[in-house]
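Source: prediction; values computed, not measured.
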Amino acid sequence: MTNQIVNDIAYKNDIAVFDFPFESFKACSIENENKYYIGINEALFETQAQKNTAKLHELGHCMTGALYSESSPLFTREKCEYKANRWAIRQFVPKPLLIDYLKKGYKMYEIAEEMELTEEFLWQAYYHYFR
């Protein structure tokens, strides 16, 4: 379900998502001539939740324009990563939804399974809203 939602958002925003056999990383986002692309090396992921989370994160880079190169200063890279994560969290794990799950007694790993995202991403959402 989450995979389809992410792909739909990408499609509606004219962002191409494709499998690309990167050697040194699992996923990346690029912009070329005002068009965004997301490359995912699907073979490097162990679970669908990992793929979904990576695609969602990369979609956050595209939707916010928060892109950087390997030669960018650390401050710039961290700022772009923060923006991408914040967008992804707010789009897919809105605070009321997370509170609802927690009030119902769900553990973080159960929410992650239900949403087809990684537990680590759900903890990032939790700390984003409640720190």
Side-chain angles (χ1 to χ4, degrees):
M1 174 71 113
T2 297
N3 184 48
Q4 187 59 50
I5 294 168
V6 172
N7 288 339
D8 287 348
I9 292 171
Y11 178 79
K12 288 176 185 172
N13 288 281
D14 198 28
I15 299 168
V17 179
F18 55 93
D19 185 24
F20 193 86
F22 299 111
E23 292 183 15
S24 58
F25 45 90
K26 294 180 178 182
C28 78
S29 306
I30 60 170
E31 182 266 331
N32 185 36
E33 297 180 5
N34 296 320
K35 182 160 172 55
Y36 290 98
Y37 302 87
I38 296 172
I40 301 284
N41 186 346
E42 297 205 15
L44 297 180
F45 293 95
E46 295 177 17
T47 68
Q48 186 63 46
Q50 290 172 341
K51 282 189 249 184
N52 291 343
T53 303
K55 280 185 188 179
L56 180 56
H57 172 80
E58 296 306 327
L59 189 57
H61 281 292
C62 296
M63 297 300 290
T64 62
L67 301 173
Y68 61 89
S69 70
E70 288 296 314
S71 62
S72 297
L74 180 60
F75 174 76
T76 300
R77 292 187 304 215
E78 288 177 346
K79 187 175 177 182
C80 289
E81 291 298 328
Y82 175 79
K83 283 183 177 182
N85 282 330
R86 184 181 64 197
W87 181 90
I89 288 166
R90 289 180 177 175
Q91 291 300 307
F92 276 79
V93 190
K95 189 175 183 179
L97 178 66
L98 183 58
I99 289 171
D100 187 49
Y101 273 117
L102 294 172
K103 282 183 177 179
K104 290 178 180 175
Y106 280 77
K107 305 289 185 221
M108 206 59 79
Y109 75 90
E110 293 170 321
I111 302 169
E113 287 175 7
E114 183 87 13
M115 297 186 75
E116 297 178 293
L117 297 168
T118 64
E119 185 177 354
E120 177 185 9
F121 182 73
L122 269 291
W123 278 110
Q124 286 177 349
Y126 179 85
Y127 289 120
H128 173 75
Y129 294 126
F130 302 111
R131 63 180 159 119

Would you call F22 and L44 a side-chain contact if the rule is heavy atoms closer than 4.5 Å?
-> no
Please assess Y36 against D14 for the test side chain to side chain contact (heavy atoms under 4.5 Å, CB included), listing each intermediate value before the final yes or no.
-> CA-CA 7 Å; Y36 290 98; D14 198 28; over 6 Å; no
F75 atom CZ, over 12 foreign heavy atoms within 6.0 Å = no
Distance under 6.0 Å and angle within 45° of ring axis: K35 vs Y37 = yes
List the atom of R131, the atom of H128, and the distance in Å for their closest heavy-atom pair.
-> NE-CA, 4.2 Å
Taking all heavy atoms of M63 and all of I15, pick out the closest pair and write down the distance.
-> SD-CD1, 3.8 Å
K51 side, atom NZ; E42 side, atom CD - distance, nearest 0.5 Å = 4.5 Å
In terms of hydrophobic clustering (I, L, V, M, F, W, Y; side-chain heavy atoms under 4.5 Å; direct or indirect links), are F25 and L59 co-clustered?
-> no
Residue pairs meeting salt bridge (charged side-chain N to carboxylate O under 4.0 Å, His left out), one or both in residues 55-79, sequence neighbours left out, come to none
Treating Ile, Leu, Val, Met, Phe, Trp and Tyr as nodes and any side-chain heavy-atom pair under 4.5 angstrom as an edge, say whether M115 and I9 lie in one connected cluster.
-> yes
Residues G60 and T64: closest non-hydrogen pair is O-OG1, 2.7 Å
How far does NE2 of H57 sit from CD1 of I89, to the nearest 0.5 angstrom?
-> 10.5 Å
For A10 and V17, the nearest pair of non-hydrogen atoms, with its separation, is CB-CG2, 3.7 Å
Transitive ILVMFWY side-chain link I30 to F18, under 4.5 Å | yes
Could you check if a side-chain atom of Y129 sits within less than 4.5 angstrom of a side-chain atom of R90, using non-hydrogen atoms only?
-> yes
Please work out which of the three classes, parallel, tilted or perpendicular, describes the rings of W123 and Y126, given edges at 30° and 60°.
-> perpendicular
Side chain to side chain contact (heavy atoms under 4.5 Å, CB included) assessment of N13 paired with C62 | CA-CA 9 Å; N13 288 281; C62 296; over 6 Å; no
Taking a hydrophobic cluster as the set of Ile, Leu, Val, Met, Phe, Trp and Tyr residues connected by side-chain heavy atoms closer than 4.5 Å, whether directly or through intermediates, do L67 and L56 fall within one such cluster?
-> yes
What residues form a salt bridge (charged side-chain N to carboxylate O under 4.0 Å, His left out) with D8, not counting sequence neighbours?
-> none
When you measure from the side chain of S29 to the backbone N and O of H61, does any donor-acceptor pair fall under 3.5 Å?
-> no
Within the side chain of T53, is there an N or O that forms a donor-acceptor pair under 3.5 Å with the backbone of Q50?
-> no
Correct closest heavy-atom pair for A54 and A27 would be CB-CB, 4.4 Å
Under 3.5 Å donor-acceptor pairs involving side-chain atoms of residues 101-113, not counting sequence neighbours:
residue, atom, partner, partner atom, Å
K104, NZ, D100, OD2, 3.2
E110, OE1, K107, N, 2.7

Cluster question for you: counting only ILVMFWY and a side-chain heavy-atom cut-off of under 4.5 Å, with indirect links fine, are I99 and L122 together?
-> yes
Nearest-0.5 Å distance, CG of residue N41 to CZ of residue F20 | 9.0 Å
Do any N or O atoms from the side chain of R86 and from the backbone of Y82 form a donor-acceptor pair under 3.5 angstrom?
-> no
Run the numbers on F92 and V6 for side chain to side chain contact (heavy atoms under 4.5 Å, CB included), then give the verdict.
-> CA-CA 9 Å; F92 276 79; V6 172; 3.6 Å; yes
Have E81 and N85 got a donor and an acceptor in their side chains that come within less than 3.5 Å?
-> no
